[in-house]
Protein chains: 2
Amino acid sequence: MNYCYQYPHPAVTTDCVIFGFDGTRLNVLLIERGIEPYKGRWAFPGGFIRMEETAEECARRELREEAGLEAAYMRQFHTFSTLDRDPRERVITIAYYALVQLSEVVGGDDAARAQWFPLDDVPRLAFDHDAILRQAIAELRRQIHFEPIGFELLPPQFTMTQLQRLYEAVLGVKFDRRNFYNKMRHLGLLGESGETVTMPNRREAFLYSFNRESYDELKERGFRLEF
Amino acid sequence: MNYCYQYPHPAVTTDCVIFGFDGTRLNVLLIERGIEPYKGRWAFPGGFIRMEETAEECARRELREEAGLEAAYMRQFHTFSTLDRDPRERVITIAYYALVQLSEVVGGDDAARAQWFPLDDVPRLAFDHDAILRQAIAELRRQIHFEPIGFELLPPQFTMTQLQRLYEAVLGVKFDRRNFYNKMRHLGLLGESGETVTMPNRREAFLYSFNRESYDELKERGFRLEF
DNA sequence: CTTAATTGCGTAAATTTTACGCAATGTTTT
DNA sequence: AAAACATTGCGTAAAATTTACGCAATTAAG
């Protein structure tokens, strides 16, 4: 017990809700806890913050250590401070969500079990992680109106249908294919590679990519993504 | 130094950006610091979290103690964790913004100086509070698209022009008076009191009030406020 | 008494959203 | 092999919404 203070200090952790898209549904990556408390239950990767790192650095480190992932997009969305969150001591957690391509390899250094779960099939989680998940989804849905975060969940090249399925999965709605198509092309965020891909046993489909330059221009002029 | 831990713990504080509306401009409430560090500089009310209170409870307590205010609307928007935020020790702050009516009496228990500053006339602040302020404004602007938080900044009864000035101040844009009027009435969030008020040396104007029931109904059906 | 502000409506034009139509291509079924 | 079905790439007309103003009434100021 070498670290002493004049006043009580809570412990501070970060937790990271990792979203991935499997082509139809939104998934979250969970880690099976190997130690008490909540041993055997599923939880988000996360852990105690170190004195020489910021919260975001901590979240990225835990993501790497526990899930073996490097996330391109990461966003802090809420800090949870309920008194009895953790039975061991007062723990305040700064929560992030990350968007990754589901195809990426998953697996932690310490061989902890990591697994993707579709959003509508998530088991009961450890701590207050159920509440954290609900809020993460709400924030993701909110954020998608201001930034084209959907693109972070897709591979560099994707078809229009994939993109539509993604937005439908995140927002929980259905779009008319042709209207979605028109709207997306008008927005000017898409680059056409000119290439096509043969869909699984179906016909040819154009491949698009997210055009970050156009996006930055749009952002300068001020805009809002509507879906 | 009676509080000892096996691992180092950062200190945790809350800070509260308090917005008020003076009829033309958006203002923030600042407290002049009476002690080092940054003695004499202006800062947001805030302080260390206690072990028996949540972050929001802490923020409300500090608001009461340092500014003498009870805020109806309060929202956590970001947690700041840069390493050198505070010269004394590692301090992580959970930041909130509050919306209050500027008319409310201002003054802390400990006779600390509290003062309203228009957003475009804010002095250099203590700690990293400049950055916190910028982010608070950004969040307020974002949030106003999803919730009618503007009403929290006005008295229970207000004229259409007051409401328009408020939205213009928050979003930094100009609206056509007649279009704003039409849009607001169509939204159905307003209750008409039937009363009128004589504007300062001008003519009569209707008084409206925010109708929370209509708002809750709207929210159920899913909606978005557009301005 | 004229000018300038400010308030309460209303309305036509411009723009955006929504609802479908249709041909082409390839898979699956009969 | 033919028919039925699914999927993709366009378009386009109707519906709804947003935007740009018009206009009269009232009051203060010059």
Side-chain angles (χ1 to χ4, degrees), chain A residues 22-24 144-146 148 154-155 157-169 171-209 218 221-227, chain B residues 22-25 144-146 148 150 154-155 157-169 171-209 218 221-227:
Chain A
D22 65 8
T24 308
I144 210 170
H145 292 289
F146 296 92
L154 291 174
Q157 307 237 93
F158 47 84
T159 66
M160 192 63 84
T161 305
Q162 278 181 290
L163 185 61
Q164 183 182 343
R165 293 272 178 282
L166 172 56
Y167 271 92
E168 290 177 338
L171 292 173
V173 294
K174 286 284 178 189
F175 298 108
D176 179 277
R177 187 177 53 82
R178 294 148 293 188
N179 291 339
F180 184 86
Y181 183 96
N182 287 334
K183 189 156 208 169
M184 265 298 167
R185 301 189 95 216
H186 267 98
L187 265 178
L189 298 177
L190 296 179
E192 297 187 31
S193 67
E195 299 172 60
T196 62
V197 71
T198 305
M199 300 306 291
N201 299 338
R202 294 282 180 277
R203 56 171 304 213
E204 303 253 295
F206 288 153
L207 280 175
Y208 296 88
S209 61
L218 260 182
R221 308 207 327 265
F223 80 115
R224 283 255 302 295
L225 288 169
E226 307 274 349
F227 289 103
Chain B
D22 67 7
T24 309
R25 293 181 295 182
I144 211 170
H145 292 289
F146 295 93
L154 290 174
Q157 305 237 95
F158 47 84
T159 67
M160 192 62 85
T161 304
Q162 278 181 290
L163 186 60
Q164 183 181 346
R165 293 272 178 282
L166 172 55
Y167 272 92
E168 289 177 340
L171 292 172
V173 293
K174 286 282 177 190
F175 297 107
D176 179 276
R177 186 176 54 84
R178 295 148 293 190
N179 291 339
F180 185 86
Y181 183 96
N182 288 333
K183 188 157 208 168
M184 264 300 168
R185 301 190 93 215
H186 268 109
L187 265 178
L189 298 178
L190 296 179
E192 298 188 31
S193 66
E195 298 172 60
T196 61
V197 71
T198 305
M199 300 306 291
N201 300 338
R202 292 283 178 277
R203 55 170 306 213
E204 302 256 295
F206 287 153
L207 280 176
Y208 295 88
S209 61
L218 261 182
R221 310 207 324 268
F223 81 114
R224 283 253 303 293
L225 288 170
E226 307 275 348
F227 289 104

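All chains are named by letter (A, B, ...) in the order of the sequence lines, taking the proteins before the strands, and each is independently numbered beginning at 1. Since the model is a prediction, treat every value here as computed from it, not as a measurement.
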Original post:
So B:F175 and B:K183, side chain to side chain contact (heavy atoms under 4.5 Å, CB included) or not? Walk me through it.
Top reply: CA-CA 11 Å; B:F175 297 107; B:K183 188 157 208 168; over 6 Å; no
Original post:
Between A:R165 and A:E168, is a side chain to side chain contact (heavy atoms under 4.5 Å, CB included) present by the stated rule, with each step listed?
Top reply: CA-CA 5 Å; A:R165 293 272 178 282; A:E168 290 177 338; 3.6 Å; yes
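Rounded to whole Å, atom P of D:dT8 lies 16 Å from atom CD of A:E192. Rounded to an integer number of Å, the gap from CZ of A:F206 to C1' of D:dT7 is 14 Å. Atom-to-atom, CE of A:M184 to P of C:dT17 comes out at 13 Å; the value is rounded to the nearest Å. Rounded to an integer number of Å, the gap from A:H186 NE2 to D:dC10 P is 13 Å. In this structure, the CZ atom of B:R177 is 15 Å from the P atom of D:dC23, given to the nearest Å. Counting to the nearest Å, the P atom of C:dT7 and the CZ atom of B:R165 are 7 Å from each other. The CZ atom of B:F175 sits 17 Å away from the P atom of C:dT7 (whole-angstrom rounding). Taking atom CG of residue B:L190 and atom P of nucleotide C:dG8, one finds them 12 Å apart after rounding to whole Å.
For the side-chain contact (heavy atoms from CB on, under 4.5 Å) with B:L163, the lone residue among B:Y181, B:Y208, B:F180 that qualifies is B:F180.
For A:R185, the side chain to side chain donor-acceptor pair (under 3.5 Å) test picks out A:E192, with sequence neighbours left out.
For D:dT8, the OP1/OP2 oxygens have a side-chain nitrogen or oxygen of A:T161 closer than 4.0 Å. Within the structure, a side-chain polar atom (N or O) of B:Y181 is placed less than 4.0 Å from OP1 or OP2 of C:dC9.
Note that CG of A:L166 and CG of A:D22 are 10.5 Å apart. Values are rounded to the nearest 0.5 Å.
Note: A:Y167 and A:F158 fail the aromatic proximity criterion, with ring centroids not under 6.0 Å apart.
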Original post:
How does protein contact run along nucleotides 11-17 of chain D, one letter per nucleotide 5' to 3', with B for base contact, S for sugar-phosphate only, - for none, heavy atoms under 4.0 Å?
Top reply: BB-----
